[in-house]
Amino acid sequence: MNLRRNYWYYSIGLAVAWAIVLSVVFAIRPDRAQTFLYIFAGYCLGWISTTIARYVYPPPKRWTSGGRV
């Protein structure tokens, strides 16, 4: 289970989901595509900032050790 709880796997899954959503929007409603691209850009900015924060400020050892406190 710990192997599946990886940040990179989660990132790849979200990228696939966004690719599906954007491709459906471009296929069905191309007039609304720019709006969804703005939403996607905001999402990417938030994802990048959380990624930076995750590496700069890692969680305390008691949360990552897997053992009891």
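For clarity, every value in this text was computed on a predicted model and none was experimentally measured. The analysis underlying the following values was restricted to heavy atoms, covering all of them including side chains, and did not include hydrogens, waters or symmetry mates. In this chain, residues are counted from 1 in sequence order.
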Among residues at least two apart in sequence or on other chains, which ones pass side-chain hydrogen bond (donor to acceptor under 3.5 Å, both in side chains) with [X]?
X	value
Thr35	none
Tyr38	Gln34
Arg32	none

Anything under 3.5 Å between a donor and an acceptor, one on a side chain of residues 14-21, the other on a protein residue two or more places apart or in another chain? List them.
none

Count I, L, V, M, F, W, Y as connected when their side-chain heavy atoms are under 4.5 Å apart, and connections chain through other members. Are [X] and [Y] then in the same cluster?
X	Y	result
Trp47	Ile52	no
Tyr43	Ile39	yes
Phe40	Tyr10	yes

Margin query: In the structure I gave you, are the side-chain heavy atoms of Phe26 and Leu37 within less than 4.5 Å of one another anywhere?
Written below: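 Result yes, sub-4.5 Å side-chain heavy-atom pair found.
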Notebook entry, point to check: Quick one: salt bridge (Lys or Arg N to Asp or Glu O under 4.0 Å) pairs with a partner in residues 7-29, sequence neighbours left out?
Noted result: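 Salt bridge (Lys or Arg N to Asp or Glu O under 4.0 Å) check on residues 7-29 returns Arg29-Asp31.
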Next item on the list: Please list all pairs passing the salt bridge (Lys or Arg N to Asp or Glu O under 4.0 Å) test where one or both residues lie in residues 40-60, with sequence neighbours left out.
Entry: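 Passing the test, one end in residues 40-60: no pairs.
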